[in-house]
J.: 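First the structure, then my questions, so here it is.
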Amino acid sequence: MDEAFPRMEIEALGYNIATHGQKTFNGVAILSKAPLEDVRIGLPGDETDSQARYIEAVISHGAWVVRVASIYLPNGNPVGTEKYPYKLGWMDRLHAHAANLLKFEEPLVLAGDYNVIPAARDAADPAAWTADALFLPQTRAKFQALLNLGFTDALRATTDAGGLYTFWDYQAGAWQRNNGIRIDHLLLSPQAADLLCDVTIDRDMRAAEKPSDHTPIRITLA
DNA sequence: ATGTCGCATTCCATGCGA
């Protein structure tokens, strides 16, 4: 919840903060050492959607300006319930909003947990995911449609290699077996892609004590 | 082998979402 976010502690480290959280599940935030402007909360396109899954802000640092969105795309499982159409509808809304943001023709990063495995090489065991909401053809098609607007998948701008994952399930020793999937993505507008210097996946954090099941993926723009 | 984890409620046990 926004009220429970450790705002003062993190501000004391020099960050500006924008959060959009809610009780129990869902929540996104942007932390920036440069000032945040034009903070927008919630994904447009459905006034009845109350889930806290989208936040964006403009980050300005001298002559540099980048618009950053933090997304938590719905998981969509189990397929066959209302959860999957909610995911697909959310992806349609993200597509429409992203198309509008591209009109600014400025550096733009759409970052977060997409809950999408883009291709077979992005899973250690793709056969295990064929009927899953993260990998169904319709899911992948909507992710590809987003890219087709003109975005660059930052990691794929730097390598064609498989075996690069950002999530390992807690169950069945997935981490120890390196049974992972790549579902956390940074999508770059053309103006952001032109600034891309480096992409790093922080595997060390998944090996730490009491880790998240996700691990960070980081880009450098300059 | 739905095998783990965090959270909230029905509150020390269970259901849910991931």
Side-chain angles (χ1 to χ4, degrees), chain A residues 1-7 9-10 17 19-31 41-43 46 48-55 69-94 110-120 122-143 146 153 155 163-187 201-218:
Chain A
M1 289 189 286
D2 293 322
E3 313 87 89
F5 195 88
R7 175 174 286 273
E9 291 89 333
I10 295 173
I17 302 168
T19 70
H20 183 211
Q22 64 187 169
K23 192 176 178 183
T24 310
F25 298 109
N26 310 321
V28 285
I30 298 174
L31 311 185
I41 297 298
L43 184 64
D46 181 357
T48 69
D49 183 4
S50 59
Q51 297 192 27
R53 295 180 176 275
Y54 184 91
I55 188 170
S70 178
I71 80 160
Y72 177 36
L73 204 148
N75 177 295
N77 285 304
V79 174
T81 69
E82 71 289 346
K83 292 178 185 299
Y84 191 55
Y86 174 67
K87 175 178 193 161
L88 296 177
W90 205 95
M91 294 182 83
D92 288 339
R93 288 163 54 204
L94 180 61
L110 305 182
D113 178 0
Y114 278 74
N115 273 312
V116 174
I117 303 166
D122 298 312
D125 182 11
W129 296 94
T130 49
D132 192 283
L134 278 59
F135 193 53
L136 280 174
Q138 204 174 356
T139 303
R140 284 185 276 159
K142 288 195 185 294
F143 183 76
L146 191 57
D153 175 344
L155 184 98
L164 298 170
Y165 311 129
T166 65
F167 173 94
W168 295 259
D169 200 281
Y170 288 123
Q171 296 189 72
W175 168 248
Q176 288 76 11
R177 297 163 191 246
N178 195 27
N179 182 16
I181 52 178
R182 188 174 74 93
I183 57 174
D184 299 277
H185 308 302
L186 295 135
L187 269 50
I201 296 175
D202 232 346
R203 290 177 61 101
D204 289 352
M205 293 198 60
R206 185 61 179 82
E209 288 295 309
K210 302 292 279 181
S212 167
D213 41 10
H214 295 254
T215 208
I217 175 168
R218 175 184 305 118

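Proteins come first, then strands; the chains are lettered A, B, ... in the order of their sequence lines, and each starts at number 1.
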J.: Whole-Å distance between B/dG17 P and A/Asp213 CG?
T.: 17 Å

J.: Write down the distance between CG (A/Asp132) and C1' (B/dG17), rounded to a whole number of angstrom.
T.: 13 Å

J.: Please give the distance between the C1' atoms of B/dT10 and B/dG3 as a whole number of Å.
T.: 26 Å

J.: Classify the nucleic acid contact of A/Tyr72 as base, sugar-phosphate or nothing, counting any heavy atom under 4.0 Å across all strands shown.
T.: sugar-phosphate

J.: Taking only the C1' atom of each, what is the distance from B/dC16 to B/dC11 in whole angstrom?
T.: 16 Å

J.: Return the minimal non-hydrogen interatomic distance between A/Gln51 and A/Asn26, and the atom names on each side.
T.: OE1-ND2, 3.5 Å

J.: Taking the basic N atoms (NZ, or NE/NH1/NH2) and the acidic carboxylate oxygens, is any pair closer than 4.0 Å for A/Asp153 and A/Arg182?
T.: yes

J.: Whole angstroms only, please: what is the CD1-P distance between A/Ile183 and B/dG17?
T.: 18 Å

J.: How close or far is atom P of B/dG17 from atom OH of A/Tyr86, stated in whole angstroms?
T.: 13 Å

J.: In this structure, how many angstroms lie between the C1' atom of B/dG17 and the OH atom of A/Tyr84, rounded?
T.: 18 Å

J.: Taking the C1' atom of each, how far is B/dA18 from B/dT2, in whole Å?
T.: 12 Å

J.: Looking only at atom P, what distance separates B/dC7 and B/dA1, rounded to whole Å?
T.: 30 Å

J.: In whole angstrom, what separates A/Tyr114's OH from B/dA18's P?
T.: 18 Å

J.: Determine whether the side chains of A/Asn178 and A/Tyr165 contain a donor N or O and an acceptor N or O closer than 3.5 Å.
T.: no

J.: Any chance you could list the contact pattern along nucleotides 1-8 of chain B? Use B for base contacts, S for sugar-phosphate-only contacts and - for none, protein heavy atoms under 4.0 Å, 5' to 3'.
T.: -SBBSB-S

J.: If the plane angle is over 60° it's perpendicular, under 30° parallel, otherwise tilted; pick one for A/Phe143 and A/His185.
T.: tilted

J.: Within this structure, what is the CD1-CZ distance for the pair A/Ile217 and A/Phe167, rounded to the nearest 0.5 Å?
T.: 15.5 Å

J.: Within this structure, what is the CG-to-C1' distance between A/Asn115 and B/dG17, rounded to whole angstrom?
T.: 11 Å

J.: Are A/Asp132 and A/Asn77 close enough that a side-chain donor and a side-chain acceptor fall under 3.5 Å?
T.: yes

J.: Over 60° means perpendicular and under 30° means parallel, so tell me whether A/Trp175 and A/Trp168 are parallel, tilted or perpendicular.
T.: perpendicular

